[in-house]
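Computation of the quantities below employed the complete heavy-atom set of this structure, encompassing side-chain atoms and omitting hydrogens, waters and symmetry-equivalent molecules. It should be emphasised that the depicted structure is a prediction, and the values quoted were computed from it without experimental measurement.
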Amino acid sequence: MGHLDHATFGWLTPVLSYAMACIGAALGLRCTVRALGATGRVRRNWLLTAASAIGTGIWTMHFVAMLGFGVSGTDIRYDVPLTVLSLLVAMVVVCAGVFAVGYGRDRTRALLLGGLTTGLGVASMHYLGMAAVRLHGDITYDPVRVGLSVLIAVVAATAALWAALHTTSPVAVTVASLVMGAAVSSMHYTGMFAVSVQVTPSGTALPGATAMQFIFPLAVGLGSYLFLTSAFVALSPTTGEREASASAQRHDERDAQPGERSGTGTRPARTA
C-alpha cells in the first residue's frame, strides 16, 4: 500500500485552498444578497455571478489542495476531460441551488432542496475529480468516510444558502464565508482520508497531464477570476445605494425647480 501525503508542500496548499474557498463563498454570498434585492434580468445576472463564484471557489479549493496530494511509489497524472467535467458539474449544481433559493416562493422548501442539490453536486465534483486521478495502482474508498463527506457537503451547502438569505451586513458575510470555507475544506479532507491506494509498480508512462501542467494554470486563472469579480462587486453600488442616490437626485431637482420658475416667470417692469 502506498503512503499518502495530503500536504507535500507543507501548509501552503491547505491554507491556500481554504483561502480560495472563503473568497468564493464570500463573493457568492454578496452576489446573492444583491440578487435578492433586485428583479428581472438584474436578479438573474447576480444569481449567475453568485453561482459561478461559489462553484469556482469550491473547484479551485479542491484542486489547489490536490496539488499537495502525493502517493509514494507512483507518479500522479490527471485525466483532462474528467477534470474539466468536474468543474462544469460544480458550476451547474451550484447554479441550480442558488436559483432555487433566489426564485423559490417557499423559502424553507427552496432552502432544503437547494442545499441537498448543491451538496450532492459538490460531492460529485469531488469524486469526479478523484476519478480523474491516474496512478500505478488501485484507489479504494472507506464507505463510512465517503458518506460522512457527502453529509458534510449537504450541510455546508444548506448553511451557505441559509446565510445567503439571512446575512446582509459585510461583517456577517465575512464570518459566514470563513465558516463555509472551513466546511468545504473539511468535506474535501474527509473525502481524501477515505482514500487508500494499493500501488502496483510499473515502468509504463501514465496517461493524462501532471498537476503543474494542467491544474495549476487553470487554478491560477480561476483564482484571478475570483479576485477580479470580487473587485467588481465591491465597487458596484448596492440596491440601497442606488435608491439613495436616485432619491437625493430627485430631492435636488425639486429644490431647484422653485428657483427656476421664479427666475423665468417674472417679467421686468416697463419704463416710460
Arg134: partners by salt bridge (charged side-chain N to carboxylate O under 4.0 Å, His left out), with sequence neighbours left out: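 For Arg134 the salt bridge (charged side-chain N to carboxylate O under 4.0 Å, His left out) partners, ignoring immediate neighbours, are Asp79.
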Sequence neighbours left out, what passes side chain to side chain contact (heavy atoms under 4.5 Å, CB included) with [X]? Give chain and number order.
| X | answer |
| --- | --- |
| Ala131 | Leu82 |
| Val92 | none |
| Val64 | Leu16, Ser17, Thr60, Ala219 |

I'd like to know if [Y] and [X] are part of one continuous hydrophobic network [Ile/Leu/Val/Met/Phe/Trp/Tyr, side-chain heavy atoms within less than 4.5 Å].
| X | Y | value |
| --- | --- | --- |
| Tyr127 | Val84 | yes |
| Met212 | Met61 | yes |
| Leu4 | Phe9 | yes |
| Leu113 | Leu161 | no |

With heavy-atom distances below 4.5 Å as the criterion, would you say the side chains of [X] and [Y] are in contact?
| X | Y | value |
| --- | --- | --- |
| Val122 | Val184 | no |
| Asp5 | Phe69 | no |
| Val93 | Leu120 | no |
| Tyr78 | Gln213 | no |
| Phe63 | Leu222 | no |
| Thr158 | Leu111 | yes |
| His62 | Ile58 | no |
| Met20 | Leu226 | yes |

Once you round to the nearest 0.5 Å, how far does [atom1] of [X] lie from [atom2] of [Y]?
| X | Y | atom1 | atom2 | value |
| --- | --- | --- | --- | --- |
| Ile54 | Met180 | CD1 | CE | 8.0 Å |
| Ser186 | Leu148 | OG | CG | 9.5 Å |
| Met125 | Met187 | CE | CE | 6.5 Å |
| Arg44 | Thr39 | CZ | OG1 | 12.0 Å |
| Leu88 | Thr83 | CG | OG1 | 11.0 Å |
| Thr190 | Ile152 | OG1 | CD1 | 3.5 Å |

Before giving the answer on side-chain contact (heavy atoms from CB on, under 4.5 Å), spell out for Trp46 and Val98 the whole-Å C-alpha distance, their side-chain angles and the decisive distance to 0.1 Å. CA-CA 10 Å; Trp46 277 119; Val98 168; over 6 Å; no
Donor-acceptor check, side chain of [X] to backbone of [Y], threshold 3.5 angstrom: yes or no?
| X | Y | answer |
| --- | --- | --- |
| Thr117 | Gly114 | no |
| Ser185 | Ala182 | no |
| Thr74 | His136 | yes |
| Tyr18 | Leu178 | yes |
| Thr200 | Gly137 | no |

Restricting to non-hydrogen atoms, name the atom on [X] and the atom on [Y] that form the minimum distance, rounded to 0.1 Å.
| X | Y | result |
| --- | --- | --- |
| Leu135 | Leu206 | C-CD2, 3.6 Å |
| Gly191 | Ser149 | N-CB, 3.8 Å |
| Val101 | Ala110 | CG2-O, 4.1 Å |

Full working for side-chain contact (heavy atoms from CB on, under 4.5 Å) between Val133 and Met66: CA-CA 10 Å; Val133 173; Met66 289 300 292; 4.1 Å; yes
Run Trp59 and Met91 through side-chain contact (heavy atoms from CB on, under 4.5 Å) and show every step you take. CA-CA 9 Å; Trp59 188 93; Met91 295 288 192; over 6 Å; no
Checking Val42 against Arg34 for the side-chain contact (heavy atoms from CB on, under 4.5 Å) test, could you report, in this order, the C-alpha distance in whole Å, the side-chain angles of both residues, the deciding distance, and whether it holds? CA-CA 9 Å; Val42 176; Arg34 300 286 184 92; over 6 Å; no
Exactly one of Thr8, Val197, Val195 should register a side-chain contact (heavy atoms from CB on, under 4.5 Å) with Val71. Which one does?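 With Val71 as partner, side-chain contact (heavy atoms from CB on, under 4.5 Å) holds for just one option, Val197.
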Enumerate the side-chain hydrogen bond (donor to acceptor under 3.5 Å, both in side chains) contacts for residues 92-101, please, sequence neighbours excluded, ordered by first and then second residue.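 Non-adjacent pairs meeting side-chain hydrogen bond (donor to acceptor under 3.5 Å, both in side chains): zero.
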Applying salt bridge (Lys or Arg N to Asp or Glu O under 4.0 Å), which residue pairs with at least one partner in residues 135-162 are found, sequence neighbours left out?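 Applying salt bridge (Lys or Arg N to Asp or Glu O under 4.0 Å) to every pair that reaches into residues 135-162, excluding sequence neighbours, yields Asp142-Arg145.
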